[in-house]
Asks: 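The following block contains the structure, expressed as structure tokens.
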Amino acid sequence: MALDPYRRLLKIPGVPTLLLVGLLARMPATATGMALTLHVAEVLHLGYAKAGLVTMASTIGMAIGSPLSGRLVDRHGLRPVLAVTTAAQAAFWSCAWALPFPALAAAAALAGLLALPVFSVTRQCLAAMVPVAQRRTGFTLDSMLVELSYMTGPALAVAGLTALGSHVTMTIIGAGMTLAGIGLLTLNPPTRSPAEREHEAQSGKVARREWLTPAFGGLMATVAAATFVLTATELSLVATMTDAGDTEWVGLAVGIWCVYSLVGGFVYGGLSRGFSPFALIAGMGLLTVPVGLVAGDWRWLVLALLPAGLLCAPALSSTVDVVSGRVPAAARGEAMGLHGTALLIGGAASAPIAGAVIDGVGSSWAFTVAGLAGVAIVLAALPLWRRRRPALGDTVPMPPEAVPVTPEASGSSAAPDALAVSDAPTVLGASVVPTALDSLAVPDGLGVPDGLAVPEGLAAPSAPAAPEGLAVPQGLVVPDDLVVPDGLAAASEGLAAPAVPVVSAGPAAPAVPPVPAVPEAPSVRAAPAP
């Protein structure tokens, strides 16, 4: 697999810094759920049921707040939203350890509503900074960094609460969230590219109904299916190993599973083309179904997770890539927020269902239920997606580097490998020109106005050859000022001579109808290379 896609991505100004800040900012964010759970269950001694209520309140708040914060970023910019959410997180985590249970649950819901939008903001800004052709690689690398965050954040929370206590650990998380917000405020990455801003100014705002369609809903259902499968798989893995008495190896097994996702994402980001998120998520579900058949040694169980694990990062990054291409730039923040909400809903719905299956029929069956449920959701959403409209992103103007240049600027009088076009607003693609052409033949003696470029190798369609020595019929008067492009050969093989009517001689003879008039030196732009 080539590393060039990643090298080109990291050479884009600002992208390495954005990815690094996003990685560091997500670590405390991924530690919050584990910290709240252990604080309520172990420190307050209220059990895991009440701990689940606190995390549920926080999750509901984040599910509601994620698209709201994204919409505010679209309307008012990044900094006002980051300032408010950073202050809210600093206030919550500085006192959360001291709150009684009812106040803690209410405060957790409010903190979730005002959560720092580090996940959606990083993706939104990445879409604005990276050209469309490189976004798949960018989103894949971002998904790999998210995987690293989830590998380290919860583990650090457990270590902190065990060694330092909940007071110190939750204070450190609050400091980390505050530093993350300050870092993003200082960096202030763009949420829309200059071309997208110019296009928005010219075309005006796009109504929500133009992109928030049933097809978009089907895509969000598929996003939820991905986290449904992943969350249920994780719970099933932990339960299976616990039943087998291998609890001490659970952390290693989960870590190996995450490495599978990193490897799959790394390979996927370097491919020349991507795949549909529907196919990737359905494939991940199907490959999860047989994992439950593996019993006994936990090492065989982890090995059975390899095929599905390789698709984790590619599946999630492909959904982000599709969202960025289907939604106008002016609404990208809200759409990314809805994407985050779909991820939360899938995980939240999966936990109780997988738990009920584990308690009812055993942990092995939970893998089967997780995989089949994911496939069923994808199949239900696919008909909605197939009825989608053309992508709104298709109307965004080309970036400056893709705009055609004039012959003078390019240093050539002919457009290589493409058809030269005039300044007309409609640009013809290369598919207009037949592929099997040999030469362009016109009558002798015809010239071309200065400045008119004719593509090299342009050929006329195959036709019967004109008879050699074709002559103008006697009595036909040809206007003296008739000109056609310079340097073009006389009628030869591959071009049939047009039928020329004979007209009467005399000073008032009309112009020859079949010969088209040649435009007077239009300005020429070279079409962009395919």
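Numbers here are sequence positions counted from 1.
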Asks: Could you state the interatomic distance from CE (Met27) to CG (Leu148), rounded to the nearest 0.5 Å?
Replies: 7.0 Å

Asks: Any non-hydrogen side-chain atom of Thr171 less than 4.5 Å from a side-chain atom of Trp97?
Replies: yes

Asks: Would you mind telling me which of Thr37, Val40, Ile60 makes a side chain to side chain contact (heavy atoms under 4.5 Å, CB included) with Thr55?
Replies: Thr37

Asks: Does the structure place the NZ or CZ of Arg136 under 6.0 Å from the centre of the six-membered ring of Tyr268, at an angle of no more than 45° from the ring's axis?
Replies: yes

Asks: For the pair Asp74 and Arg71, evaluate salt bridge (charged side-chain N to carboxylate O under 4.0 Å, His left out) and give the outcome as yes or no after the intermediate values.
Replies: CA-CA 5 Å; Asp74 291 333; Arg71 186 177 183 183; over 6 Å; no

Asks: Out of the candidates Val254, Thr247, Leu301, only one should pair with Met241 under the side chain to side chain contact (heavy atoms under 4.5 Å, CB included) rule; please name it.
Replies: Leu301

Asks: Less than 3.5 Å apart, any donor N or O on the side chain of Ser350 or Thr231 sitting next to an acceptor on the other?
Replies: no

Asks: Using side-chain heavy atoms (C-beta onward) and a distance below 4.5 Å, is Val121 in contact with Cys125?
Replies: yes

Asks: Testing the 3.5 Å rule here: is there a donor-acceptor pair between the side chains of Tyr260 and Glu147?
Replies: no

Asks: Picking from Val378, Leu230, Leu310, what satisfies side chain to side chain contact (heavy atoms under 4.5 Å, CB included) with Met284?
Replies: Leu230

Asks: Please report the interatomic distance CZ(Phe119) to CE(Met336), rounded to the nearest 0.5 Å.
Replies: 14.0 Å

Asks: How long is the span from the OG atom in Ser317 to the CE atom in Met144, to the nearest 0.5 Å?
Replies: 10.0 Å

Asks: Tell me whether the NZ or CZ atom of Arg273 lies within the 45° cone about the ring axis of Phe275 and under 6.0 Å from its centre.
Replies: yes

Asks: Sort out for me which residue in Thr122, Val21, Leu18, Leu126 forms a side chain to side chain contact (heavy atoms under 4.5 Å, CB included) with Pro189.
Replies: Leu18

Asks: Which label fits Phe266 and Tyr6: parallel for a plane angle under 30°, tilted from 30 to 60°, or perpendicular past 60°?
Replies: parallel

Asks: With salt bridge (charged side-chain N to carboxylate O under 4.0 Å, His left out) as the criterion, how do Arg123 and Asp142 come out once you've worked through the C-alpha distance, each side chain's angles and the decisive distance to 0.1 Å?
Replies: CA-CA 8 Å; Arg123 292 161 179 160; Asp142 180 67; 3.5 Å; yes

Asks: Between Ser120 and His339, is a side-chain hydrogen bond (donor to acceptor under 3.5 Å, both in side chains) present by the stated rule, with each step listed?
Replies: CA-CA 8 Å; Ser120 60; His339 182 275; over 6 Å; no

Asks: With distance as the sole criterion, is a donor-acceptor pair present between the side chains of Ser193 and Glu196 under 3.5 Å?
Replies: yes

